[in-house]
Amino acid sequence: MAVNATSVTWFMVNPRVEVLSCDKEGSSNPKYSRLNGSSLLILDLRLQDEGFYGCKVCSEMADPPAHIQLKIANPPAYAMGCSVNYTGVPSQFSLTCYWLGGYPAPQLQWENDGKILSNGTLDTLLVTLNSSEYTDKPKPTCKGQHTITNEIKVDTCNVHLGYPNLQSHALRTCIKGENVTLSCSVFGANPPAVITWLRNVSNPNVEVRSGAKYQIVQIGNDSFLTIVNCSKEEDEGNYICKSENGVATKEIYIWLDVTTPHNIVGLVSAIMILFLVVVALITGTVLYCDPQIYIKANPFRKGESEVLVLVESEEEEEMQQVGDSVVNTPYTDAEPSTPAVANGNIYKHEVLFHSPPDNISSDLLSEVSEETEGEHLEEDF
């Protein structure tokens with residue numbers, strides 16, 4: 001367009017800043033100047049000079065201005081990055097390589113074990129792959145190259161593909177009518193795995209979805225399935241935790257056993273009653289059989305029973321005096337006020353009758369007295 005040098009104005013579109021006006025031959029900023037009439041010359045280019053510029057003939061203010069985009073060649077301002085993602089299709093995943101901030105666009109290329117997967121001249125390169133084409137734990141690599149005249153910049157990045165590994169408890173128990181939570185953890189998966197729960201009870205491999213009966217919560221790499229109000233008929237059986245990330249699919253089985261609650265209170269009460277009965281039997285046996293427990297302390301013995309008392313004598317003379325007193329003392333129903341007691345080493349034993357029965361014969365008493373007297377005479381000799 002042939003115009004006079006002073007008939008064109010130049011400005012930056014965003015933000016709108018006039019760099020060369022119509023009524024001036026030059027600009028107040030020495031960075032900008034006119035070239036060949038209507039052309040704009042920009043000196044000392046920098047990245048901040050990039051953007052859209054507009055020019056407009058001064059005499060035609062109603063016409064829309066013409067816009068020109070200025071791009072400055074520069075190497076990418078950021079490091080190259082790589083990522084891997086699960087596409088949602090079984091056995092399929094995608095690789096993404098990006099190298100941003102440069103002009104013109106860099107050349108990117110995906111490789112694996114020396115084989116070219118995809119390439120192109122753009123700042124982001126995406127390729128979708130099938131896991132069946134790769135061996136155990138492949139390591140795809142992205143290579144990038146950016147060229148400005150004689151300046152070449154290269155960079156690389158790679159991703160590690162990993163199979164999902166599952167961990168859980170093989171057996172879970174639930175009491176009928178209560179809630180139970182099944183857990184499943186996945187580790188080592190790249191890209192991150194998606195966890196789903198399946199039932200293998202009445203209909204095999206039916207996916208479990210969250211609702212009133214089942215509640216599924218996933219926190220990081222851990223998934224939790226809560227079964228509300230366990231029922232033996234509906235809920236007992238195998239549950240499957242399934243993990244897939246496009247690289248591989250793994251499953252782990254969990255068996256849920258639903259049991260009927262027992263009468264715990266009745267069982268504990270029966271055990272306590274049995275324990276008390278045993279304690280009572282042992283106590284009664286001890287009270288009845290222990291010879292050191294006397295009539296007054298033993299309610300199981302009759303008040304008129306005979307009790308054998310072992311009388312210890314330290315000296316022969318004391319024992320003899322005790323024997324004589326028993327033989328020579330006439331029988332009476334009243335108990336003696338001070339019974340004869342001797343302490344020390346056992347030398348001889350005498351049998352004394354306390355509270356003898358009423359029907360004892362006089363002949364028996366005399367016989368006992370004679371035997372006792374005879375024993376004393378033998379001892380004197």
Side-chain angles (χ1 to χ4, degrees), residues 12-15 42 45-53 67-166 186-196 218-221 223 242-251:
M12 295 186 68
V13 175
N14 189 18
I42 304 176
L45 283 176
R46 297 182 181 180
L47 287 178
Q48 54 265 35
D49 294 326
E50 276 191 346
F52 285 91
Y53 288 81
H67 291 168
I68 301 174
Q69 184 180 12
L70 174 63
K71 294 285 293 183
I72 299 175
N74 63 289
Y78 307 99
M80 180 183 291
C82 296
S83 64
V84 57
N85 298 283
Y86 176 45
T87 62
V89 179
S91 303
Q92 190 178 91
F93 60 93
S94 63
L95 300 174
T96 304
C97 176
Y98 49 91
W99 201 9
L100 307 177
Y103 181 80
Q107 295 178 347
L108 303 178
Q109 180 171 287
W110 273 109
E111 298 180 359
N112 185 57
D113 292 337
K115 178 183 177 181
I116 298 176
L117 305 177
S118 179
N119 55 24
T121 304
L122 64 173
D123 56 7
T124 302
L125 180 61
L126 175 68
V127 58
T128 301
L129 304 174
N130 195 306
S131 62
S132 61
E133 302 176 3
Y134 296 94
T135 57
D136 186 28
K137 295 184 179 180
K139 187 179 178 181
T141 302
C142 182
K143 296 181 179 180
Q145 177 178 306
H146 187 269
T147 304
I148 302 177
T149 61
N150 295 328
E151 183 181 353
I152 300 176
K153 184 178 181 179
V154 295
D155 202 352
T156 60
C157 66
N158 53 61
V159 294
H160 295 269
L161 302 179
Y163 299 156
N165 296 291
L166 295 175
V186 60
F187 58 94
N190 192 33
V194 176
I195 301 176
T196 55
Q218 184 161 344
I219 304 175
N221 294 326
S223 182
K242 181 179 179 181
S243 174
E244 52 187 350
N245 66 342
V247 179
T249 300
K250 300 290 184 177
E251 295 179 349

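Throughout, numbering of the chain's residues begins at 1 and tracks the sequence.
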Distance col, row Asn112:CG vs Leu161:CG, nearest 0.5 angstrom, shows 8.0 Å
Among Leu125, Thr141, Val127, which residue meets the side-chain contact (heavy atoms from CB on, under 4.5 Å) test with Leu95? Val127
OH of Tyr103 to CG of Asp123, rounded to nearest 0.5 Å, is 12.5 Å
Closest approach of Cys82 to Val159 (non-hydrogen atoms, all atoms of both residues): CB-CG1, 3.7 Å
Determine whether a donor-acceptor pair (N or O, by modelled atom type, separation under 3.5 Å) exists between the side chain of Ser131 and the backbone of Gly246. yes
Hey, does the side chain of Asn158 reach the backbone of Lys139 with a donor-acceptor pair shorter than 3.5 angstrom? no
So how far is it from Asp155 CG to Gln145 CD, rounded to the nearest 0.5 Å? 11.5 Å
Look only at the side chain of Thr87 and the backbone of Gln92, and say whether a donor-acceptor pair between them is shorter than 3.5 Å. yes
Return the CG to CG distance between Leu126 and Asn85, rounded to the nearest 0.5 Å. 8.5 Å
Hey, are the side chains of Thr124 and Leu100 touching, using non-hydrogen atoms and a 4.5 Å cut-off? yes
Any idea which heavy atoms bring Met80 and Lys143 closest together, and the distance? CE-C, 4.0 Å
Pro104 versus His146: any side-chain heavy-atom pair under 4.5 Å? yes
Can you measure from NZ (Lys250) to CG (Asn165) and round to the nearest 0.5 angstrom? 7.0 Å
Between Ser243 and Ala193, the two heavy atoms sitting closest are OG-CB, 3.1 Å
Determine the minimum heavy-atom distance between Tyr78 and Trp99, stating which atoms define it. O-NE1, 2.9 Å
Asn74 side-chain N/O to Gly101 backbone N/O, donor-acceptor pair under 3.5 Å: yes
Residues forming a side chain to side chain donor-acceptor pair (under 3.5 Å) with Gln109, sequence neighbours excluded: Glu111, Asn119
SG(Cys97) to SG(Cys157) below 2.5 Å: no
All heavy atoms of Lys153 vs all of Pro75, minimum pair found to be CD-CB, 4.1 Å
Of all the heavy-atom pairs spanning Leu108 and Gly144, show the shortest one and how long it is. CD2-CA, 3.8 Å
Interatomic spacing from CG in Leu70 to CG in Leu45 - rounded to 0.5 Å: 6.0 Å
Heavy atoms from other residues, nucleotides or ligands near CZ of Phe187 exceed 12 (cutoff 6.0 Å): yes
